[in-house]
Amino acid sequence: MPDSALIVIDVQNDFCPGGALAVEGGDQIVRGINDLMSDFPAVVLTQDWHPEGHSSFASGHPEAEPFSMIDMPYGPQVLWPDHCIQGSAGAEFHADLDTTRADLIVRKGYNPRIDSYSAFFENDHETPTGLEGYLRTRGIEKLTLVGLATDYCVNFSAVDAAKLGFTVTVRTDLCRAIDLDGSLKAAMEGMRGAGVVVD
Ligand code: VGL
Ligand code: ZN
């Protein structure tokens with residue numbers, strides 16, 4: 001399909017076993033993602049890319065525990081362990097991910113005051129990353145999403161893409177979840193409710 005793209009979300013060392021925000025089995029999806037790339041005329045990778053001291057890091061909120069919630073001006077925010085710091089080994093793609101096939105790498109989460117789960121908008125749901133314009137100007141209308149983590153960055157990206165009018169499929173066999181307090185179940189329901197095909 002000439003109008004389709006594979007969007008590979010955050011397959012980075014910090015989200016794989018041994019990483020700062022390790023997702024169970026995060027490394028198990030890499031080979032399958034590489035194999036899928038040849039089915040798509042366009043491949044986009046996203047890279048979580050935070051400055052040191054990012055406002056989503058629990059380390060900057062000594063009164064709060066990692067994985068607890070706080071209220072930010074743009075809404076509720078999970079406080080994460082420090083992860084994917086710009087230029088660090090943890091922010092690099094998994095060594096086995098075939099990055100040569102990527103047409104575009106979208107970095108996100110670089111604004112110190114706003115987290116960005118979605119590949120399309122920061123967590124204020126209005127500041128764009130530019131990905132929508134890139135895809136539209138290439139005539140791409142159908143997206144398949146894979147990567148980490150199912151319930152955060154994949155979920156937010158898929159729902160935003162569907163709201164923007166793209167036809168969206170999430171291949172959950174090529175995703176892995178963090179699953180905080182039922183977040184995976186909520187994400188599945190939210191994606192399906194937004195019209196995402198969750199395979
Ligand atoms: C992610 C939490 C914090 C993700 C990124 O890629 O799902 N989750 N930053
Ligand atoms: Zn992050």
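The analysis underlying the following values was restricted to heavy atoms, covering all of them including side chains, and did not include hydrogens, waters or symmetry mates. Order of listing sets the numbers, starting from 1, for every ligand and every atom in it.
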Inset, instruction - Could you tell me whether Tyr117 and ligand 1 have an N or O pair separated by under 3.5 Å? - result: no
Legend entry - Whether Gln12 lies under 4.0 Å from ligand 1, heavy atom: no
Legend entry - salt_bridge(Asp179, Lys185) N-O dist < 4.0 Å: no
Inset, instruction - Flag the pair Asp48 and Lys108 as a salt bridge only when some basic side-chain nitrogen lies within less than 4.0 angstrom of an acidic carboxylate oxygen. - result: yes
Taking only heavy atoms of [X] into account, list the atoms of ligand 1 that are under 4.0 Å away from them.
X	value
His83	3 (C), 9 (N)
Phe15	1 (C), 4 (C), 5 (C), 6 (O), 9 (N)
Cys153	1 (C), 4 (C), 5 (C), 6 (O), 7 (O)
Ala149	4 (C), 6 (O), 7 (O)
Asp10	4 (C), 6 (O)
Leu148	4 (C), 6 (O), 7 (O)

Does any N, O or S atom in [X] come within less than 2.8 Å of the Zn ion (ligand 2)?
X	answer
Cys153	no
Asp48	yes
His83	yes

Inset, instruction - For Asp10 and Thr46, test the side chains for any donor-to-acceptor distance below 3.5 angstrom and give the result as yes or no. - result: yes
Inset, instruction - For Thr169 and Asp199, test the side chains for any donor-to-acceptor distance below 3.5 angstrom and give the result as yes or no. - result: no
Inset, instruction - Check each of Phe57, Trp49, Tyr152 against His83 using the ring-ring contact (aromatic ring centres under 6.0 Å, His included) test, and report the only one that passes. - result: Phe57
Inset, instruction - Find the distance between CG (Leu79) and NE2 (His54) and round it off to the nearest 0.5 Å. - result: 11.0 Å
Inset, instruction - I would like to know whether Asp3 and Lys142 meet salt bridge (Lys or Arg N to Asp or Glu O under 4.0 Å); could you show each step before the answer? - result: CA-CA 6 Å; Asp3 59 347; Lys142 302 188 181 76; 2.9 Å; yes
Legend entry - Pi-cation contact, Phe166 with Arg136 (under 6.0 Å, within 45°): yes
